[in-house]
2 protein chains.
Amino acid sequence: ASSPMDPHSQGSKTKFIDFPYVSAPHKNLMVDLVSTLETRLGSQLLPCTLPPDVQYYQNESGTNHASLHIRSGLSSSPVDLVLGSWLHCELPTGGALNITSLSSYLNPTTDAPNFLLELIQSSPTSLVLILDLPPRKDLVLHPDYLQTFYQDTQLDTPRQKLEKLAEVKPYFSSSLYIRSVVSPTAILVRIEAGSGGEGKGLEDIIENDLSPIAKEVLGIWLDQCACGEREVGEDEREYLKRRDDLIKRKTIEIDLGSNFPRLFGADAADRVLGAIREVYKV
Amino acid sequence: ASSPMDPHSQGSKTKFIDFPYVSAPHKNLMVDLVSTLETRLGSQLLPCTLPPDVQYYQNESGTNHASLHIRSGLSSSPVDLVLGSWLHCELPTGGALNITSLSSYLNPTTDAPNFLLELIQSSPTSLVLILDLPPRKDLVLHPDYLQTFYQDTQLDTPRQKLEKLAEVKPYFSSSLYIRSVVSPTAILVRIEAGSGGEGKGLEDIIENDLSPIAKEVLGIWLDQCACGEREVGEDEREYLKRRDDLIKRKTIEIDLGSNFPRLFGADAADRVLGAIREVYKV
């Protein structure tokens, strides 16, 4: 078996799996999640075929760096693709913005939820966590689906655990579309850790509170969604494909549309956007 | 024009519009919302035809009291029905639980969102507010609908205003289905007011913070949803009816299923449930 996220295909010296700009607990969490996912699903995934200048890229002045890694599923697999990324941008205020993400889309042979994790760190003491299994169907019309994937799996328990921490506040995405895409058990929180001697530090919270919860949710997704067998009829596959494609298009638009050209220049933005659209087939 | 919620049809001395157990600012808010809604939509609504023992009922020991008022829309109206209610239950701990609600369903000749308001007061200093225009469609599949009713109406602004208050915390319904039914701009908050001399009192918050926001959201609903003209084809009407009926059935189940027999006895629970099902046609 190859090592996490197929580093063999990387030409550049800076690798996706290095997560070079984040704290040790943050890196450890990301590496653990990627390895867990690869160990379970690796045999169903093709190598990453993104061009080297999409796997790693930076802006002209060298203040902003990013890495993207996408592995598509074999045609026999229910996995459509697995996407990992990190981004590091120096801020005008002197600090840095660091984002790491891991997500996975399933294909229309199953209607099981997708996986979504994003860590957005905009200061040494502040972190936004987005962790969810976004549903593939309208939950209002499909209460049985809600029961199977969200109630029976007790997905609200990790959310409740995290909510109890004094450092944890709710987070509302500025995009109403993103708010619509997530499930009713989505973890959308801002963690404001103590600075100096006061309260728990952010690294402590990532290691001891956030990591176990992220691993638990990924475990539920792997067991119940990626590896749970679901029968889906032809009619429904069309519906799922239409809904999945729309989410992909809108997510690209929201995530990359406005910020990427500003952060990495128009050329890099176009290149990365084009590569993603090709893999996403949208 | 008749006065709010058609009191003429009431045989009992205790009227829906009296809201006899809540504080003055809470009552004033409810009366204001009901009057505003009736002034705009009254000519499209039939009188309340619920039996007197469903319009007002209590438990055997007389500790729990409730009122229900439903007016169906004329066949020419886009309004399916308007439902108002209050409930007062003495708690074993000595306090009381007071719930007041006002909601409205539109019918499948339009796909515009419904209206939902619920105030749940379980102590003199604690109040849960649920205020939303629940969508009639899967927002993920219909970004244009999200844009029209939630983005362009700036429905997130009142939510953000309320969120800024120190006394306001997020509220998560214990029902994942209810969480799925609401929109991405839903106001779901718990207000924990100061007791004694500390901080703002609950009545102050209801009068000065909550009331203007509830009136603003009802105004948006009346202007953009109840009175906005939308063309809906035959195919879509079937879809809307299926989704609306499912929400009604599930909401009855969640709201009344478990608690009502306990609070009002099996007979009253059956009577009220039966009357609601008849008006809801589900």
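Throughout, a chain's letter reflects where its sequence line sits, starting with A, and its residues are numbered from 1. What you see below is based on every heavy atom in this structure, not just the backbone, and it leaves out hydrogens, waters and symmetry mates. Everything numeric in this text was worked out from a predicted model, so none of it was measured.
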Query raised in the report: If you count heavy-atom pairs under 4.5 Å between each of A:K250, A:R243, A:Q160 and chain B, which one has the most?
Result: A:R243
Query raised in the report: Can you tell which of A:D156, A:V181, A:L141 has the highest number of heavy-atom pairs within less than 4.5 Å of chain B?
Result: A:L141
Query - Proximity breakdown for B:L176 and chain A, heavy-atom pairs closer than 4.5 Å - result: both
Query - Contacting region of B:Q147 [heavy-atom separation from chain A under 4.5 Å] - result: neither
Query raised in the report: Hey, what's the ring geometry for B:W221 with B:F115, parallel, tilted or perpendicular (30° and 60° as the breaks)?
Result: tilted
Query raised in the report: Between A:T185 and chain B, which part of the residue has a heavy atom less than 4.5 Å away: side chain, backbone, both or neither?
Result: both
Report task. Tell me, for A:L139 versus chain B, whether the close heavy atoms (under 4.5 Å) come from the side chain, the backbone, both or neither. Result -> both
**Report entry** Donor-acceptor pair, side chain of B:R159 and main chain of B:A186, under 3.5 angstrom
**Finding:** no
Query raised in the report: Sub-3.5 Å donor-acceptor pair from the side chain of B:T153 to the main-chain atoms of B:I220, do we have one?
Result: no
Requested in this report: Mark yes when over 12 heavy atoms from residues, nucleotides or ligands other than A:E236 sit less than 6.0 Å from its CD; otherwise mark no.
Outcome: yes
Query - Donor on one side chain, acceptor on other, B:S173 and B:S175, under 3.5 Å - result: no
